[in-house]
Every structure is written in C-alpha cells, then in structure tokens.
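Right, one structure below, let's go through it.
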Amino acid sequence: MRNRKLWVLATLFACTLQAQAQQRAALPETIKSRVAEVLLDSDIRQENYSFKDGHAATASPSRCALKTDERNLPFYDIELQCGSQSQYSVCLQWKIGAAVSKGDVMLARLSMRTISARQESGESVVYAYFQEGHTPYTKSFVSQIGAGREWKTFDLPFVAHKDFTSGEAVFELALGSLAQHVEVCGVQVLNFKEALSVDELPVTRFSYAGREADALWRQKALQRIEEIRTAPFTIQVVNAAGKPVKGAVVEAVMHQSDFLWGTAVNESALSGEGAENNLYRKHLKELFNTAVIENGMKAGGWAWDINRKANTLRSFEWLDRNGFRQRGHNLVWPAWKFNPFITKEIALTDTALFNRFIKAQFYERMAYTKHRVVAWDVVNEPMHEKEFFAYLPKDIMVEWYKLAQRLDPEAQLFINDYAMLNCVQSPQNISEYIDTIEMLRKKGAPIGGIGVQGHIGRQPRNPEQVLTDLDLFIPTRLPVQITEFDINTPDEELQADYTRDFLIAVYSHPSVTGVILWGFWEAHHWKPDAGMFRKDWTPKPNAAVWREWVTGRWKTHVKQSTDRKGTACLRGHLGSYKVRVTYNNTVKEVDCHLEKSGSELLVTL
C-alpha cells in the first residue's frame with residue numbers, strides 16, 4: 001500500500017511539472033539587435049529535427065515527442081529508459097540550413113528541465129555541440145549541461161571552426177549518458193558573424209557541488225592529507241663530543257616529493273633553442289618533479305618520424321640530467337590512426353606477423369629507457385580503441401605486459417584509459433575497466449598500476465563523487481595515477497577552483513600516487529584553454545593554484561631552532577630532503593628521506 005501511495009504522489013508530482021509553464025530567459029535587446037542571422041529557431045520550425053535512438057532495437061527503446069504547452073509553445077519531450085556506454089547513442093538533432101564561415105561568432109541557446117534522472121543528484125546529463133553532419137564529425141564546441149526540476153536556460157557561445165556549406169552543419173543534444181526524462185524548448189543557433197566577439201556574448205556559468213569555501217568534504221580531505229601524506233621528522237644536533245647543541249638553526253627543504261607531480265612535455269618545445277624554449281624549461285623545473293614525453297615515445301612517432309625522434313632523444317636526456325622522474329607513454333595504442341601506416345596492412349596479411357610487429361617495437365624504446373623511467377603505459381585506451389582486437393584476441397595484452405616486464409623489470413607497468421572521474425558514467429566505466437584489468441591479471445599480466453586520464457570539460461564532477469569513484473579501485477590493491485589531467489574551459493575562475501579541489505581530493509586518497517598534467521603552456525597544449533600559461537607566458541589563475549598547493553603547501557620548507565636537548569621536531573610531506581644545520585659559523589648539509597613511519601636524523605657538527 002505504501003508503494004502505491006508513493007507511486008500516486010510521484011505521478012501527481014510529474015503532472016504538476018508538466019503543467020508548469022516553460023520559462024525561457026530572454027536575450028538582452030543589446031545582444032539581440034546584433035544578430036546577423038538566425039540559423040535555427042525551434043519555435044518557428046518546430047518539425048525541423050530528427051531523433052537517433054541507439055536503443056530502438058532493444059527491449060528499452062527511447063522516445064522523443066514534439067508537444068505544445070498550454071500557451072501553445074512547442075517543447076521536446078525525451079525519455080530514456082536506460083543509459084548507454086556512449087552519450088552519443090541517443091541524440092536529438094537539428095540541421096542548419098544556411099552556410100557558416102570559419103570564424104563566425106555564434107550563440108547556441110536552449111532551455112531545459114528534468115522530470116527525472118537516474119542518479120543521486122536527480123540532475124540530467126546532456127551534451128550540446130555544433131558539428132559537421134558527416135564523418136569525421138569535427139565539433140566547433142561540445143559542452144556538458146544539466147538541469148534540475150526547474151527550467152534553466154543555457155547560453156553557449158562559440159566560434160565556427162571551419163566553413164560549412166548550407167545543410168552541412170548540425171546542432172545536437174546527446175542524451176545517452178543515463179536513464180532520464182527531460183524537456184527541451186527554445187532551441188536557437190544565432191550567428192553574429194563579426195558584429196560581436198565571443199567575450200561579449202552571454203554564457204551560462206558552470207559550477208559544481210562542494211565549491212564553497214567552507215565545504216565539509218574539503219576539510220575532511222585536508223585532514224586526510226595530514227594523516228597519509230605527512231610524517232614526523234626529528235632532527236638531533238650534537239657537537240663532536242656527542243653533546244646536544246641548543247640554538248642550532250635547522251632548515252629542512254624538500255627537493256623531491258614521493259608523490260608524482262608532473263606534466264606531459266612537448267618534445268620540440270623542450271629541445272628547441274630560443275627565448276620561448278628557455279621559458280618552457282624554466283617553468284618546467286619550477287613546477288614539476290615528473291615528466292612524460294607527450295608524443296615522441298609513441299609507435300607512430302618513434303621509428304617513423306626522424307625529426308620527432310631526434311627531439312624526443314634530446315628531451316629525454318635533458319629531463320634525465322635535470323633530475324626528473326619520467327613516465328613512458330605508450331607502448332601499444334590499439335588503433336590504426338595512432339600507429340605506423342603499414343600496421344593495418346600487416347594485420348590484414350598475417351595476424352601472427354602482426355603480433356610480432358607490435359612486440360618488435362618494444363625493444364628499441366625500452367632498451368633506450370631501461371632503468372631510466374619509473375613507469376610505462378604499456379597499453380593505452382583498450383576500452384575505447386579496439387581495432388587491433390579484431391585481428392588479435394583481447395588477452396594478447398598479457399603477452400605485451402610480460403614482454404615489457406622482461407625488457408625492464410624495474411619499470412612500473414600501467415594500463416591507461418579515460419572516461420573516469422569526470423562524468424555520471426564514471427562508476428560504470430570504472431567497473432568495466434576493473435573487469436578488464438582483473439581478467440588480464442588472472443591470466444598472468446604483471447600490471448603494476450592503473451592510469452586514469454582525468455580530462456575534465458566545462459562541467460566538473462563533484463569532488464566527493466571523484467573520491468567515491470576512486471574508492472572503487474581500492475579492491476584491486478593497485479596504485480592509481482591521474483595520468484593526463486586538464487580542465488578544458490574558458491572560465492578561468494572555475495578552472496582554478498576545480499584545479500584546487502581536484503588536487504586536494506586525489507592527494508587525499510590513499511590509492512593515488514601521482515598527478516600528471518597533459519601540458520601546461522597554451523601554445524603547446526592539445527586543448528589550449530586548459531593550459532596554465534597563456535601564449536605570452538602570463539600565468540592563469542590555475543597556475544597560481546598549482547604554485548600555492550603543489551610547490552607551496554605540499555612541498556615542505558621549514559626552519560626551527562633546536563631545544564636544550566639539541567632537538568628540532570618537524571613535520572613534513574613524504575619525500576627526499578636536504579637538511580641544513582647552522583650554528584655560529586658552522587654549516588652542515590645532509591640528504592635524507594622522510595618515510596611514512598617518520599624519520600630521525602642525527603647531525604654531528
């Protein structure tokens with residue numbers, strides 16, 4: 001009876017939602033007057049849409065209906081009974097009937113509310129984007145949006161990335177992320193051409209739960225950091241006779257954290273000569289203790305591009321001379337486009353030869369890096385890039401890991417993939433990832449670590465959810481590294497705040513042993529908005545966050561005088577230290593390492 005009452009209440013609530021009038025935020029007249037062309041207006045051309053349903057042939061098809069409310073205003077009613085591995089499996093599309101020129105300043109607008117969504121927050125997850133209507137489907141922008149039970153209007157400014165002929169471009173909403181029921185109205189795409197800049201257009205500001213200054217999750221995380229990342233450090237100073245020295249000044253300076261704070265480096269920027277290259281190396285040394293060569297170690301660049309290989313070798317040697325720990329990336333990326341052009345031809349000819357061809361490419365790279373890298377990403381993105389596995393069984397990866405271990409027994413061997421820690425599907429994707437990892441381990445693959453890329457879009461994931469996502473890896477008892485972290489958003493304030501909170505969250509999690517940015521300078525970044533420095537090397541707010549936390553608070557530098565027992569009791573983050581003791585005109589320096597159990601150091605003057 002109780003369940004029936006709940007069902008009746010839910011039905012009445014849904015009906016109440018349906019009865020609410022649509023709420024659409026008006027575009028300011030000062031902006032509206034500058035519109036050069038209305039490319040799409042769903043209120044005027046209500047029927048000009050199409051719906052793709054990846055569940056149509058299943059027992060749980062989706063549905064989309066064009067309806068009108070009590071004011072005769074149209075809206076789209078979309079309901080999905082189940083989610084998919086890809087958000088693009090269910091899409092609502094509008095074709096753009098006019099031509100668009102590269103560089104045109106555009107604004108996409110829509111209003112949306114959520115009737116129901118199968119996740120704890122109750123918010124929908126929708127991706128909006130403007131793209132080519134045919135392969136390769138390149139996009140001018142893509143943005144994750146979501147709404148609660150109230151109508152919300154989204155303003156999404158962007159710049160056309162190419163010329164589009166009439167009918168070639170489309171505006172789409174991808175809804176396949178989870179089971180959800182949403183209503184959408186007021187869909188528009190406006191072209192301002194050169195009348196306004198992107199910065200002059202309204203934009204919906206994104207945020208995330210837990211951003212507030214006094215957030216409880218952050219307080220708990222900072223406390224965990226003190227518990228798991230720091231330890232007591234006791235230094236006793238005595239004279240030549242072994243008696244305590246009171247008043248000696250003890251200065252302990254961390255020179256390398258046990259935790260990997262790193263970045264991908266561009267081999268041409270690092271190895272080149274000139275003022276820009278010098279600045280690149282300067283900031284690299286100031287901010288990071290670990291590096292990974294972004295592209296030069298990959299199969300497609302190592303043996304098949306002489307110039308890139310030369311830059312890669314110069315970069316590797318520079319990093320080695322300057323004390324950087326290095327990660328190797330990657331040995332196998334199982335898709336044709338990331339490999340030498342003859343790879344597919346060999347696979348089509350002889351699958352046994354194909355496997356030997358893959359393995360043969362391990363030898364030169366791993367011989368060169370042997371004993372000089374801390375880790376290798378042995379297989380990259382096997383959950384998403386599967387073209388090799390049409391010709392070889394998936395468990396062939398076991399052989400690849402065994403070969404990598406034989407060639408460099410000291411390197412930690414990682415698997416690496418994405419679509420985790422950054423969206424509502426993260427727990428599902430992590431579960432599938434762990435299934436793959438455990439299958440390989442049971443068959444003998446010596447996997448030593450789990451790489452989670454950590455690419456973040458405009459709508460960051462709640463840090464508390466990032467922590468619960470990471471908890472899912474605990475049963476594997478394998479270390480986790482965030483291998484390719486970036487936040488691709490033009491909102492620099494949001495970017496800085498989330499950089500701070502993401503770093504706090506992952507540093508507070510006991511499974512995580514490192515964070516690697518996927519680049520730091522806009523001029524050499526695969527997602528320029530994600531950089532920490534602009535092209536002219538002016539720092540962005542996220543660079544200040546990195547300095548404050550990573551090279552400031554979490555890179556211990558303390559000074560204290562010894563007490564009457566000749567003792568200085570310090571506390572620091574785990575890692576390698578240089579301890580400097582000064583007493584009168586005597587100075588002594590000692591290198592030491594702060595362990596999790598704590599360390600004691602005796603310094604004799």
Side-chain angles (χ1 to χ4, degrees), residues 17 19-49 66-77 92-114 124 126-131 139-161 163-164 166 169-173 182-207 458-459 489-494 529:
L17 279 173
Q20 290 178 356
Q22 298 173 29
Q23 298 175 17
R24 314 180 189 198
L27 193 64
E29 287 298 326
T30 53
I31 301 295
K32 186 186 291 187
S33 65
R34 310 297 292 276
V35 173
E37 186 175 11
V38 177
L39 301 178
L40 166 65
D41 191 329
S42 66
D43 288 350
I44 297 173
R45 294 293 305 274
Q46 302 171 16
E47 74 289 350
N48 188 25
Y49 75 97
L66 178 58
K67 301 180 178 180
T68 55
D69 66 9
E70 67 277 9
R71 294 179 298 173
N72 205 35
L73 289 172
F75 67 93
Y76 301 86
D77 186 10
L92 185 59
Q93 178 191 99
W94 293 266
K95 185 173 287 189
I96 305 300
V100 175
S101 298
K102 180 179 180 179
D104 280 356
V105 175
M106 320 267 275
L107 178 67
R109 307 193 84 226
L110 65 115
S111 296
M112 182 171 68
R113 69 171 176 177
T114 301
S124 53
V126 178
Y127 292 83
Y129 47 94
F130 187 89
Q131 69 171 18
K139 296 173 174 58
S140 293
F141 86 97
V142 59
S143 183
Q144 181 182 327
I145 60 177
R149 292 192 173 102
E150 301 295 323
W151 283 102
K152 182 176 179 65
T153 297
F154 295 90
D155 287 300
L156 307 168
F158 64 98
V159 175
H161 72 288
D163 292 330
F164 294 92
S166 177
V170 295
F171 177 70
E172 291 196 17
L173 300 177
V182 300
E183 293 178 350
V184 175
C185 69
V187 182
Q188 291 182 313
V189 177
L190 310 175
N191 192 347
F192 293 83
K193 296 188 181 294
E194 298 178 356
L196 292 173
S197 69
V198 166
D199 293 338
E200 294 175 290
L201 292 175
V203 60
T204 299
R205 299 297 297 269
F206 295 87
S207 193
R458 289 192 181 191
Q459 179 56 66
T489 175
D491 186 337
E492 294 185 358
E493 182 182 352
L494 173 66
D529 281 341

**OP:** Please lay out, stage by stage, how L196 and R34 fare under the test side-chain contact (heavy atoms from CB on, under 4.5 Å).
**Re:** CA-CA 7 Å; L196 292 173; R34 310 297 292 276; 3.8 Å; yes
>> Could you check whether D155 pairs with R109 (Lys NZ or Arg NE/NH1/NH2 to Asp/Glu carboxylate O, under 4.0 Å)?
In response: yes
Correct closest heavy-atom pair for F206 and D491 would be O-OD2, 4.4 Å
OG of S143 to CZ of F158, rounded to nearest 0.5 Å, is 11.5 Å
On a heavy-atom basis, the closest approach of S207 and L494 is CA-CD1, 4.0 Å
Q | Side chains of L27 and L190 in contact at under 4.5 Å (non-hydrogen atoms) | A | yes
S111 and T153 have their tightest heavy-atom pair at OG-OG1, 2.8 Å
| said: A side-chain contact here means heavy atoms from C-beta on lying under 4.5 Å apart; do L92 and Y76 qualify? | reply: yes
(message) Taking the ring centre of each residue, are W94 and F130 less than 6.0 Å apart?
(response) no
(Q) Is the distance from the ring center of F141 to that of Y129 below 6.0 Å? (A) no
- prompt: Side chains of V38 and V189: closer than 4.5 Å at any heavy-atom pair?
  reply: no
- Message: Closer than 3.5 angstrom, by distance alone: can the side chain of S124 be matched with the main-chain N or O of A147 as a donor-acceptor pair?
- Response: yes
Correct closest heavy-atom pair for M106 and L201 would be O-CD1, 3.5 Å
Heavy-atom distance under 4.5 Å between the side chains of L40 and Q188, does that happen here?
-> no
When rounded to the nearest 0.5 Å, the distance separating CG of L156 from OG of S140 is 12.5 Å
For D43, is there an ion pair with R24 - N to carboxylate O distance below 4.0 angstrom?
yes
Closest heavy-atom pair, P74 versus C185, reported as atoms and distance to 0.1 Å, is O-CB, 3.7 Å
request  = Give a yes or no on whether the backbone of E150 and the side-chain of R113 come within a donor-acceptor separation of less than 3.5 Å.
outcome  = no
Here the gap from I145 atom CD1 to T204 atom OG1, rounded to the nearest 0.5 Å, amounts to 8.0 Å
task = Give the intermediate values and the outcome of side-chain contact (heavy atoms from CB on, under 4.5 Å) for residues Y49 and L66.
result = CA-CA 10 Å; Y49 75 97; L66 178 58; 3.8 Å; yes
Scanning both residues in full, the closest heavy-atom pair of K102 with D163 reads N-OD1, 2.6 Å
| said: With side-chain contact (heavy atoms from CB on, under 4.5 Å) as the criterion, how do V170 and Q131 come out once you've worked through the C-alpha distance, each side chain's angles and the decisive distance to 0.1 Å? | reply: CA-CA 6 Å; V170 295; Q131 69 171 18; 3.7 Å; yes
Value for CD (E200) from CZ (F192), rounded to nearest 0.5 Å, stands at 10.0 Å
Requested in this report: Tell me, with the steps shown, if V187 and F171 meet side-chain contact (heavy atoms from CB on, under 4.5 Å).
Outcome: CA-CA 9 Å; V187 182; F171 177 70; 3.7 Å; yes
Between the NZ atom in K32 and the CG atom in L107, the distance rounded to the nearest 0.5 Å is 12.0 Å
* Is the number of heavy atoms from other residues, nucleotides or ligands under 6.0 Å of K139 NZ greater than 12? -> yes
Distance col, row F154:CZ vs K152:NZ, nearest 0.5 angstrom, shows 5.5 Å
